[in-house]
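Chain naming here is simple, since letters A, B, ... match the order of the sequence lines and numbering starts at 1 in each.
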Protein chains: 2
Amino acid sequence: MATALQRRPGPVNKPSAASPSAALRAGKPAANPSPPLRASKLDHILACATRVFCEKGYEGASIRDIARRSRVSLAGLYYYVASKEELLYLIQKHSFTTLRARAEEQLVSAPGNPEARLRLFIGNHLSFFLQHPEAMKVLSHESESLTAPYAQEVTELKRSYYRLCRNLLEELKREKGLKALNTRLAVLSLFGMMNWIYTWYNPKVDPEADALAAQMARLFFEGVLAAANGRGRK
Amino acid sequence: MATALQRRPGPVNKPSAASPSAALRAGKPAANPSPPLRASKLDHILACATRVFCEKGYEGASIRDIARRSRVSLAGLYYYVASKEELLYLIQKHSFTTLRARAEEQLVSAPGNPEARLRLFIGNHLSFFLQHPEAMKVLSHESESLTAPYAQEVTELKRSYYRLCRNLLEELKREKGLKALNTRLAVLSLFGMMNWIYTWYNPKVDPEADALAAQMARLFFEGVLAAANGRGRK
DNA sequence: ATACCTATCGAACGTTCGTTCAGTTTATAA
DNA sequence: TTATAAACTGAACGAACGTTCGATAGGTAT
């Protein structure tokens, strides 16, 4: 999971120690502390950091907030992570990777019909969104908070995910002969609909993921299919 | 323009001085400095603050950044504004107020047809968005950054703007008998499409405001009109 | 001249920030 | 038991933060 990027930037002045996260993920949890934490403490820290970033924003959150929330000492955090920025990077990378992996997983075992495949994509995006609201808010809201070396890799992931969706729409365009369809604009509008959800979704009022996906998909498809041909109304 | 809220919160320990911004806006620019700034220095400061908040985010931006950008000394800023938060508040309030005012202005002198009126609303939102991209990004991105007393007033503005749009859609629903239409979901999806633009819009690649509005409106209407009746496809 | 506002600023206040370091404890291996 | 490395921490570092204060000009009114 850790690429060359993981240890390149940042100070990390003790080159003797191998990547601690790698050491942790390997079988040996080593020490004494309470059983619940042993398995993978980095994951625990990342989960806490996600919630803190979600609540206060990346810049507004302090490392001390995260240390308090995860019940690790301030200095202890730096045993697992090189910097505050790396925390955000790991969160975004992990979220995007699993989001895209799920989408691809659903698509390989799916019908060839472009419209059905797009529906799957939308359903996957929204169900993931509502299953991990904090992570998705951090993904949506802090997309500009990473700098030089970290930002590139996440941007790459984002682009490939966007491309996946746009390719599906372009298949649909070909199949249905929608000459006038601006696929870039349509896909970005679709992402706008979906990613904006974190600003308004209220589980007490709004439908669950499946129904939400169905409604948004219907709105999107009827719009795309009807509007992209002649301008005539229904 | 300044309501009771303007001077209530924050320290402002010199009760003798009247609201400086009010004093400024009144006819007397008073002093010596270069002609271009005299007219309304607060507006100049707000414009600079908007750009800084847009570039670095509210939490990531420092008062010193804004002072440097507006060529006012650090302490000088506090002659015009009580706090950093008031800067954001004034920006958001001003943007929302003029956005809503424009929309209402367009709607009073418009045809009674609900669909045409909604098209006007969308066109107004997008043209304002692309005319003031920095301000709209600050509006979209920093909607959670204000706290107790300030946040309420801006939330109120936002709600009334949202209500304006939703009422238009409910008129359409009634007119066309769209029994199955969830207007809350539809309106929030529309705002999602529109407000997400700040994350991707590129003037070199993407259409201008009018064309953009036309395309998004078409996508939205065809989707709403076709999808809200029976589930049948075209 | 005197008094009084408006507008402005340099310098500092106290606090919080991300990060570091020297040191301690704990678990494993010899 | 002793040596070694992993896991962890209290205390501090320097820098940056939002904000305040005392002082200083210039303009206007008396």
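One atom, CZ of A:R64, and another, C1' of C:dT15, lie 11 Å apart when rounded to the nearest Å. Computed from coordinates, the A:I63 CD1 to C:dT20 C1' distance equals 13 Å when rounded to whole Å. In this entry the distance linking CD1 of B:I45 with P of C:dC9 reads 10 Å, nearest Å. Look at CD on B:E59: it is 16 Å from C1' on C:dG18, rounded to the nearest Å. As a whole-Å value, the separation of A:R68 CZ from C:dT16 C1' is 12 Å. The CG atom of A:L77 sits 14 Å away from the C1' atom of C:dC17 (whole-angstrom rounding). Counting to the nearest Å, the C1' atom of D:dC8 and the NZ atom of A:K41 are 7 Å from each other. Nucleotide C:dA11 holds its C1' atom 15 Å from the OH atom of B:Y78, rounded to whole Å.
Closest to the side chain of B:V72, from the set C:dG18, D:dG18, C:dC9, is C:dC9. Comparing atom distances between the B:S62 side chain and each of C:dG18, D:dA6, D:dC17 picks out D:dC17 as nearest. The side chain of B:L74 has C:dA12 as its nearest neighbour among D:dT9, C:dA12, C:dC17.
If you check every strand for non-hydrogen atoms under 4.0 Å, B:A67 touches nothing.
Put simply, A:Y79 has a side-chain N or O that comes within less than 4.0 Å of OP1 or OP2 on D:dA7. Applying the 4.0 Å criterion to OP1 and OP2 of C:dT8, one finds that B:Y80 has a side-chain N or O inside that range. Distances shorter than 4.0 Å separate none of the side-chain N or O atoms of A:K84 from OP1 or OP2 on C:dC17.
For the residue pair B:T183 and B:E170, a side-chain donor N or O sits within less than 3.5 Å of a side-chain acceptor on the partner. In the model, B:S145 has no side-chain atom that pairs as donor or acceptor with a side-chain atom of B:E59 under 3.5 Å.
Under a cut-off of 6.0 angstrom, the local environment of CD in A:Q106 is crowded, with over 12 non-hydrogen atoms contributed by other residues, nucleotides or ligands.
Between B:A75 and A:Y58, the residue anchored nearer the 5' end of DNA chain C, judged by the nucleotide with its closest heavy atom, is B:A75.
With A:Y78 as the aromatic partner, A:K84 does not meet the cation-pi criteria of under 6.0 angstrom to the ring centre and within 45 degrees of the ring axis.
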| request: Could you go through the ring pair (Phe, Tyr, Trp, His ring centres under 6.0 Å) check for B:H141 and B:F53 one step at a time? | output: CA-CA 10 Å; B:H141 200 77; B:F53 286 153; over 10 Å; no

